[in-house]
**Q** 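Have a look at the structure that comes next, please.
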Amino acid sequence: MVEKYDHKALEKKWQDAWEASGVYRAESGASKPKKYILDMFPYPSGEGLHVGHPKGYIATDVYSRAKRMQGFNVLHPMGWDAFGLPAENYAIKMKTNPVEMTEKNVARYKKQLSSIGCDYDWTREVNTTDPAFYKWTQWIFLKMFERGLAYESYEPINWCPTCQTGLANEDLEDGKCERCDTPVEKKPMRQWVLRITDYANRMLADLNTLDWPTSIKESQKNWIGRSVGAEIDFIVDGSDKLITVFTTRPDTLFGATYCVLAPEHKLVDELKGSILNFSEVEKYRTETKARTEIERTAEGREKTGIRLEGVFAVNPANNEKLPIFIADYVLGNYGTGAVMAVPAHDERDFYFAKKLGLSIKQVVASVFVDSVNPPKDGAEDTIRYGVILMIKHWEEDKYLINYSPKFNWKCLFTGGIEENEDPLEAAVREMREETGYQNIKEIHYIPLEHVDKFHAPHKGVNRVVYQKNIFIQLADGETKERSKEEKDLHHISWLTKEEMLKTISLPNHLYIFETEFLQGRALAGEGVLFNSGSFDGLSNEDAKRRITDFVQGRWVTKYRLKDWVFSRQRYWGEPIPIIHCEKCGVVPVPEADLPVMLPHVESYAPTGTGESPLADIAEWVNTVCPQCGGVGKRETNTMPQWAGSSWYYVRYIDPKNNEVLVDKEKEKYWSPVDMYVGGAEHATRHLIYARFYHKFLHDIGVVNYEEPFMRLQNVGLIMAEDGRKMSKRWGNVVNPDDVIAEYGADTLRLYEMFMGPFSQSVAWSTESIIGPRRFLERVWRLQEKIVTEGNQSLEMILHKTIQKVSEDIESFSFNTAISTLMILLNEMEKVSISRKQYEVLLLLLAPFAPHLTEELWQLVANTSSIHVSSWPVFDATKVIATEMTIAIQVNGKVRDEVVFGKDTTDDEIKEAVQARETIKKWTEGKTVKKLILVPGRLVNIVVTD
RNA sequence: GCUCGGGUGGUGGAAUGGUAUACACAGGAGACUUAAAAUCUCCCGCCGUAAGGCUUGCGGGUUCGAGUCCCGCCCCGAGCACCA
């Protein structure tokens, strides 16, 4: 009888032993292939960990242990992202020093991580608040400054009135501060900005080289927001001023009916003298400024704007004079801050034009291709002009449907326009011929023309018909008798609007009918040009370039991504290493003087003046200008929390180097990160910034590779049992210390990996954790069953398990790896096992349950650690089956199964399955039409009556 | 609105176009026990006494065969969004 599984004693024992022996230390420059496995380092908060936090750390621990056993030199470090607002706010609230507080929190985090059994190489620990570390954060800033990538700006930025600091675009969520949910204001102030937009294109292009989740790549694509279009100059009539617009639809230039400037556009001031209603314009601009971003972009908000009276823009395509507006639906900080408005083909311009009664001119026609008689390749295109009529009843809200039995169409009425005929006349003529009705109360164009394309078989040509769509309301029910031919061709009846929508069978006719009821719509899609001078008939895609060239426009690429607002008016961050000198201006701190230490202050509270608390410390602020030796003042803004986290992973490679940021040879060996694990919420923040930093470091020769993280896995949240997020506020937090005390670290680890797919969020279950615990106890008790001669039939499942567990760990499918181990255990319990067989189970389980397996490993007479032992090798010859189970289907339904020897021929199988009584029952009296045999799997007998 | 990802038992979930519901939890029955816990054995998608039928959000399609592929819709989650 063996001892009971005592997780408490055993976990403590091995954690101490591992620490003493340093088994997890990574050695640079070893001859072995490397794996760099990384967690997103935590911000050590005062609240400690809940069970959700370690999920990702357990995963990298499992992965790194497996990789070490598979013969890799593994780097698996951990550190602390300790600067930032939460620590500072907490320090203010608790009236403590953030430095001391950080030390205390780090110690607590480290203890908790160790109690989970994580295999970190603590000799490489980094901390962003350590001057020896932030020296290099400042150094990178200096290098960016040198290259013009860090610059001062006075543009209005996002200001959080609660946190009392400026914020980057990335720090907002729906126009609110991501930290405290306060709506941000626009505040003009001096700030430091990083030119991240210079890297937009490379960051977008290189996404293709990364093995990252699609969702993260998509988020980054959306965030960078590339769009390709044209810049086109409109001359302001009677002046030398130009309005340069950016558009992705230069093909619609002939349809431009007005121009819109952003309210803050500088041209408004330049044209002041010519604008007749300037005071009104000023009023509108003031109102706009007062609106927050949220108000301005609120869903469904009516478009507002005001015309600049007395000035006109000239459309370079046709020299038409167009009115100019300012409107806040045009943004000052995107494109050129000015647009050409094409209401027929842009939804926003359409609503604005409708509201202000501006003209709408269609220049692109949708093309509808007939599905029954599509145009034939090689046949000649002939152009025709036609009308399509929507006819309304003289009293009721009913419409005339045209049923053609010959073609089986249920549609509107159509006809051709004869030479020199007015389309409206043609419409009336066709109506009288086809319906017999005579008198008209109202007739108007439905404001969207389109093109129909089909093949006319009797002529052998393809027809391209430009259709004008026309609405007619009858005056009365007077009819004239139609010809027999017309009567046969057009069966007519009155339907309600709803019935029409259900009945009309041609998509183009349905489209016309709907358009009339919407009172027009913007056509944003593809089509062919008309009303566009010599460009008529071109596809709009072809027309884009040609019209841009025609008006000497420039083909350009724009990004949604904004430059990174990099200064914070707060205490707890890296000081920006800049000195302001009255004589020399902005002067960088010499490299030799780094780090610029963060001084101790009496009060950390933000000043709210746009200056950080550092500004109050005269002895720190006042310094000497390194250039002229005169009076200098230090920059008092600090860096955002993201600064340190944008490059920390490089420092783990060479954490103690005082000469350079990282030794380039060591960097070459360890980089890039092979596996990076963390939350999806970092998609458009940390993961964008770090890629930008890395590319910069590559450009200045500090690192060897273009991208920092080759593979990324997202960790799904662990929710509380009530389905909500775990939070003090809800009182639903589960503390890992309690779980470890009751079930042990190995059970916690196994359970968190078994809960479900790794990247998916799941609710914690107090009930389910018992499963993994029972499993470990059964593994523990299995040692009693070891005999000298193990069961040979076990070899097959053993090797299948080796293969499956290896693959599943590689793909982060830990839940199925564990279920495979459970299946193996179920099988092993049924038979006698050898020591070697038991050891395979232990080795495969070791990454998940490091303590238990280490103990058992040494109990069954091994002396070295299981965690430096070799991973079991999969032997394909061991999994060749001697027999196969064949399922028998009749018409796709499983009716029986039979076991055959592996050498049974196909013909033997086919014969045998049909001879079975269980199958005859289903095939009797029927003809076997077909027999499908899937080797090693099934037979499907297809029968008919 | 655009772009992704997803929808399978009571629950968490599994499934290269080839026996849907593996593995686990919960539940039920039994064994051991004075008893309970722990452990072990068996049952466990739905309808049906059974034979059998039905079942992967809904509706179509391709196929000998569809959770898986294609088309249309509904719902949930994520990112972007007055971005011209």
Side-chain angles (χ1 to χ4, degrees), chain A residues 4 173-174 213-227 229-230 245-250 252 260 262 296-305 327-331 333-342 345-349 351-352 524 558-562 680-681 683-684 714 750-751 754-757 759-772 774-775 777-778 781 813 815-826 829 885-897 921 929-943:
Chain A
K4 216 172 140 256
E173 251 165 35
D174 297 323
T214 12
S215 61
I216 302 290
K217 288 195 193 183
E218 274 305 312
S219 293
Q220 293 211 346
K221 261 184 210 165
N222 287 339
W223 189 263
I224 295 168
R226 177 182 145 106
S227 64
V245 305
F246 173 67
T247 178
T248 55
R249 293 296 304 270
T252 64
V260 191
R296 193 169 154 171
T297 58
E299 186 125 7
R301 183 172 160 253
E302 283 265 320
K303 295 207 174 352
T304 62
D328 68 359
Y329 80 89
V330 173
L331 308 174
N333 58 1
Y334 182 76
T336 58
V339 302
M340 65 179 205
V342 186
H345 301 293
D346 181 281
E347 214 167 59
R348 294 153 303 182
D349 298 341
Y351 289 128
F352 191 73
K558 300 278 179 193
Y559 298 93
R560 199 205 70 99
L561 183 74
K562 303 277 185 292
E681 69 275 14
T684 57
N714 285 133
L750 201 65
Y751 174 57
F754 183 63
M755 287 174 91
S759 63
Q760 197 172 296
S761 82
V762 244
W764 183 264
S765 165
T766 314
E767 260 179 358
S768 298
I769 193 171
I770 191 68
R774 282 180 192 147
F775 170 73
E777 283 180 9
R778 284 162 58 198
R781 271 178 272 135
S813 308
N815 55 334
T816 50
I818 293 167
S819 74
T820 307
L821 289 170
M822 288 172 166
I823 294 168
L824 175 64
L825 176 68
N826 289 344
E829 281 176 335
T885 307
I886 301 289
I888 311 170
Q889 295 183 337
V890 179
N891 286 346
K893 282 197 163 56
V894 179
R895 297 301 181 184
D896 198 5
E897 62 177 42
K921 184 173 138 194
K929 213 175 110 193
K930 212 173 189 180
L931 205 140
I932 284 142
L933 187 137
V934 183
R937 289 211 168 254
L938 60 76
V939 174
N940 189 7
I941 306 167
V942 184
V943 296

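Worth knowing before you read on, the calculation uses all heavy atoms, side chains too, and leaves out hydrogens, waters and symmetry mates. Letters go in sequence order (proteins before strands), and every chain restarts at 1.
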**Q** If only side-chain N and O atoms of A:K921 are considered, is one of them under 4.0 Å from the OP1 or OP2 phosphate oxygen of B:rG52?
**A**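 Indeed, a polar side-chain atom of A:K921 lies that close.
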**Q** Heavy atoms under 4.0 Å, any strand shown: does A:V934 hit a base, just sugar-phosphate, or nothing?
**A**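 The answer is base, as A:V934 lies within the cut-off (heavy atoms under 4.0 Å) of a base atom.
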**Q** Where does B:rG9 fall, syn or anti, if syn means a chi angle no more than 90° from 0?
**A** syn
**Q** A:N826 side chain N/O closer than 4.0 Å to the phosphate oxygens (OP1, OP2) of B:rA24?
**A** yes
**Q** Does any N or O donor sit under 3.5 Å from an N or O acceptor when you compare the side chain of A:N940 with the base of B:rC64?
**A** yes
**Q** Tell me: CG of A:L825 to C1' of B:rA22, nearest whole Å?
**A** 16 Å
**Q** What's A:I932 touching, base or sugar-phosphate or nothing? Going by heavy atoms closer than 4.0 Å.
**A** base
**Q** Using the P atom as the reference point in each nucleotide, state the distance between B:rA26 and B:rG48 in Å, no decimals.
**A** 28 Å
**Q** What integer distance in Å separates A:R560:CZ from B:rU3:P?
**A**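 To the nearest whole Å, that distance equals 17 Å.
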**Q** Can you work out whether A:D896 or A:M822 has the more 5'-proximal nearest nucleotide on RNA chain B?
**A** A:D896
**Q** From OH of A:Y559 over to P of B:rA84, roughly how many Å is that when rounded to an integer?
**A** 13 Å
**Q** Pick base, sugar-phosphate or nothing for A:P757, based on heavy-atom distances below 4.0 Å to the nucleic acid.
**A**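 Result for A:P757 = sugar-phosphate.
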**Q** Can you check the distance between B:rA14 and B:rA22, where both ends of the measurement are the C1' atom (answer in whole Å)?
**A** 5 Å
**Q** Look at all strands and tell whether A:T885 reaches a base, only sugar-phosphate, or nothing, counting heavy atoms closer than 4.0 Å.
**A**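 Counting heavy atoms under 4.0 Å across all strands, the contact made by A:T885 includes a base.
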**Q** Regarding A:K221, tell me which of base, sugar-phosphate or nothing describes its non-hydrogen contacts under 4.0 Å with the strands shown.
**A** nothing
**Q** Counting only side-chain heavy atoms from C-beta out, which of B:rC4, B:rG53, B:rC83 sits nearest to A:L331?
**A** B:rC83
**Q** Would you say A:Q220 reaches B:rG79's phosphate, i.e. side-chain N/O to OP1/OP2 under 4.0 Å?
**A** no
**Q** Return the pairing partner of B:rU21 with a 3.5 Å limit on both distances, Watson-Crick or G-U wobble; otherwise return none.
**A** none
**Q** Determine which nucleotide pairs with B:rU49, using a 3.5 Å limit on both distances of a Watson-Crick or G-U wobble pair.
**A**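 B:rU49 is paired with nothing.
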**Q** Looking for any heavy atom pair under 4.0 Å, which part of the strands does A:R226 touch: base, sugar-phosphate only, or nothing?
**A** nothing
**Q** Can you tell me the distance, in whole Å, between the CG atom of A:D328 and the P atom of B:rA84?
**A** 17 Å
**Q** Tell me whether the count of non-hydrogen atoms from other residues, nucleotides or ligands lying under 6.0 Å of OH in A:Y351 goes above 12.
**A** no
**Q** A:T684 has a side chain; which of B:rC80, B:rG65, B:rG13 sits nearest to it?
**A** B:rC80
**Q** What distance, rounded to whole Å, do you find between the two P atoms, one in B:rA31 and one in B:rA36?
**A** 11 Å
**Q** Any idea which of B:rC64, B:rA84, B:rC4 is nearest the A:S227 side chain?
**A** B:rA84
**Q** With heavy atoms under 4.0 Å as the rule, sort A:V342 into base, sugar-phosphate or nothing.
**A**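 It contacts nothing in the nucleic acid.
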**Q** Checking all strands, does A:S819 fall into the base, sugar-phosphate, or nothing category for heavy-atom contacts under 4.0 angstrom?
**A** base
**Q** Look at A:R249 and B:rA84 and indicate whether a side-chain polar atom (N or O) is within less than 4.0 Å of OP1 or OP2.
**A**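 For B:rA84, neither OP1 nor OP2 has a side-chain N or O of A:R249 closer than 4.0 Å.
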**Q** Both A:I769 and A:N333 contact RNA chain B. Which one's nearest nucleotide lies toward the 5' end?
**A**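 It is A:I769, whose closest nucleotide lies nearer the 5' terminus.
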**Q** Taking B:rU11 as the reference, what is the distance to B:rA50 when you measure between their C1' atoms (whole Å, please)?
**A**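 Per the computed distance, 31 Å lies between those C1' atoms.
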**Q** Pair A:K562, A:N333 - check side chain to side chain contact (heavy atoms under 4.5 Å, CB included), show working.
**A** CA-CA 9 Å; A:K562 303 277 185 292; A:N333 58 1; 3.4 Å; yes
**Q** Check every atom of B:rA84, B:rU19, B:rA14 against the side chain of A:T816 and return the nucleotide holding the closest atom.
**A** B:rA14
**Q** Between B:rU8 and B:rC69, how many Å separate the two P atoms, rounded to a whole number?
**A** 16 Å
**Q** Quote, to the nearest angstrom, the C1' distance that separates B:rC75 from B:rG30.
**A** 44 Å
**Q** Under the 6.0 Å and 45° cation-pi test, does A:K303 pair with A:Y329?
**A**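 Relative to the ring axis of A:Y329, which defines the angle, A:K303 lies inside both limits.
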**Q** Might you confirm whether atom CD of A:E829 has over 12 heavy atoms from other residues, nucleotides or ligands at distances under 6.0 Å?
**A** yes
**Q** Using the side-chain heavy atoms of A:F754, tell me which of these nucleotides is nearest: B:rC83, B:rA24, B:rC82.
**A** B:rA24
**Q** Testing the 3.5 Å rule here: is there a donor-acceptor pair between the side chains of A:N826 and A:R778?
**A** yes
**Q** Any strand is fair game: report the nucleotide pairing with B:rC42 by Watson-Crick or G-U wobble, both distances under 3.5 Å, or none.
**A**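 B:rC42 is paired with B:rG28.
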**Q** Should B:rA36 form a Watson-Crick or G-U wobble pair with both distances under 3.5 Å, which nucleotide is its partner?
**A**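 Check on B:rA36: unpaired, no WC or wobble geometry under 3.5 Å.
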**Q** Which base sits across from B:rG67 as a Watson-Crick or G-U pair, both distances under 3.5 Å?
**A** none
**Q** Nearest-Å distance, CD1 (A:I770) to P (B:rC25)?
**A**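 Spelled out: CD1 on A:I770 to P on B:rC25 is 9 Å.
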**Q** Please confirm whether any donor atom in the side chain of A:E897 sits under 3.5 Å from an acceptor in the base of B:rU19, or the reverse.
**A**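 Check passes, donor-acceptor contact within cut-off.
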**Q** If I take atom CG in residue A:D346 and atom C1' in nucleotide B:rA81, what distance separates them, rounded to the nearest angstrom?
**A** 13 Å
**Q** Choosing from B:rG18, B:rU39, B:rG12, which nucleotide comes nearest the side chain of A:R774?
**A**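 Out of B:rG18, B:rU39, B:rG12, the nucleotide with an atom closest to A:R774's side chain is B:rU39.
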**Q** For A:R778 and B:rC25, give me the distance from atom CZ to atom P, rounded to whole Å.
**A** 8 Å
**Q** Rounding to a whole Å, what distance do you find between A:D349:CG and B:rC82:P?
**A** 15 Å
**Q** Given that both distances must come in under 3.5 Å, which nucleotide forms a Watson-Crick or G-U wobble pair with B:rG1?
**A** B:rC80
**Q** Quote, to the nearest angstrom, the C1' distance that separates B:rC71 from B:rC76.
**A** 22 Å
